[in-house]
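Below: the structure, in structure tokens.
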Protein chains: 2
Amino acid sequence: MDDLDRQILDVLRRDARTPYTEIGDELGVSEGTIRNRVERLQEDGVIERFTISTSTGNVKAMIEVDVAVDVDTHRVGDQIAEWPEVDFVWQVSGELDIVVVVDADDTGRVNELITKTRELDDVTTTKTRLILDETL
Amino acid sequence: MDDLDRQILDVLRRDARTPYTEIGDELGVSEGTIRNRVERLQEDGVIERFTISTSTGNVKAMIEVDVAVDVDTHRVGDQIAEWPEVDFVWQVSGELDIVVVVDADDTGRVNELITKTRELDDVTTTKTRLILDETL
DNA sequence: TATGAAAGACTAACTAA
DNA sequence: TTAGTTAGTCTTTCATA
């Protein structure tokens, strides 16, 4: 895992359809080098898969969730992860326990998700932030 | 957005490199139909990008960044987005301005990234949380 | 790294609903 | 007028040296 690998991953994260020839030109190596390295990165599990990121909705938000002290946060998190608009659920260190990233149709729907979260057993507080812009 | 669109998205989410011909065969339509629909889904913003999912490092963290009041947060965010371990940079509403998600080799490296962030002009504070677990 | 062969994607003209 | 198809061409990837 050297710097060239990291640069290749960077390009593919931004656009996984970038031709190997183009990546090679950009990074000053041949098409074959890029191809061999991408294959190796896949075998090593560094590249988990080629995929698409979709945004079915128009509003992304981060909902931070606090859970009662004596409760398994995973149980709460796993429930939330089932909801269709939920992109990620992270168990985190720090003040609050769980961070949920959602992608909803509109702010009204975000609000419904917040309400739904607060209604879960063992959820004590939530704190929401809209994601105004995303850079990769 | 009909059922065929949803099936196409499903296939691409699992493997974005599946040839159009193969998707077409599977879903009983021609290669051209798949291609036209994928193009339309991209134009409509339903498919945001073709990308890879990676697991490069062993430690993921969320670094929340506060920026001086009179500064364009995008300028700061764009700089950070260039660093290789950075997965996302979000401009968010709420107390702090920017959320950076990083995926680094170890906590030492996370610490270096925090230091590097704090050394940027116009960054006033940072607050870091380790991502202990992720559910998709 | 370089090259030719194979695979896949794209263009554009056409058909059907 | 829109969605789908098809044949021919171009681009990218792959295998081999």
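Chain letters run A, B, ... following the sequence lines, proteins first and then strands; every chain starts at 1.
Heavy-atom minimum distance, B/Val59 versus B/Thr107: CG2-N, 3.8 Å.
Rounding to whole angstrom units, CG of residue A/Asp25 and P of D/dT13 are separated by 12 Å. Distance, B/Asn36 CG to C/dT15 P: 18 Å, rounded to whole Å. One can place CZ of B/Arg37 at 8 Å from C1' of D/dA3, the figure rounded to the nearest angstrom. Following rounding to the nearest Å, B/Gln42 (CD) and C/dA9 (C1') show an atom-to-atom distance of 13 Å. Per the geometry, CD belonging to A/Glu31 stands 15 Å off P belonging to D/dT16, to the nearest Å. In this structure, A/Tyr20 places its OH atom 16 Å from C1' of C/dA6, rounding to the nearest Å. C/dA7 atom C1' lies 12 Å from atom CD of B/Glu22, rounded to whole Å. Note: CD (B/Glu39) to C1' (D/dG4) measures 14 Å, nearest angstrom.
Checked by atom type, the side-chain pair A/Asp97/A/Thr73 shows no donor-acceptor distance below 3.5 Å.
Classification of A/Arg17 and A/Glu22 as a salt-bridged pair fails, no side-chain N sitting under 4.0 Å from a carboxylate O.
For B/Arg17 and D/dT13, the shortest distance from a side-chain N or O to OP1 or OP2 is not below 4.0 Å. Remark: B/Thr33 is in phosphate contact with D/dT5, judged by side-chain N or O atoms under 4.0 Å from OP1 or OP2. At D/dT6, none of the side-chain N or O atoms of B/Ser30 fall inside 4.0 Å of OP1 or OP2 (strictly under the cut-off).
Base engagement by B/Arg35 is indicated by at least one non-hydrogen atom pair under 4.0 Å involving a base atom.
A side-chain donor-acceptor contact under 3.5 Å links A/Thr117 to the backbone of A/Leu113.
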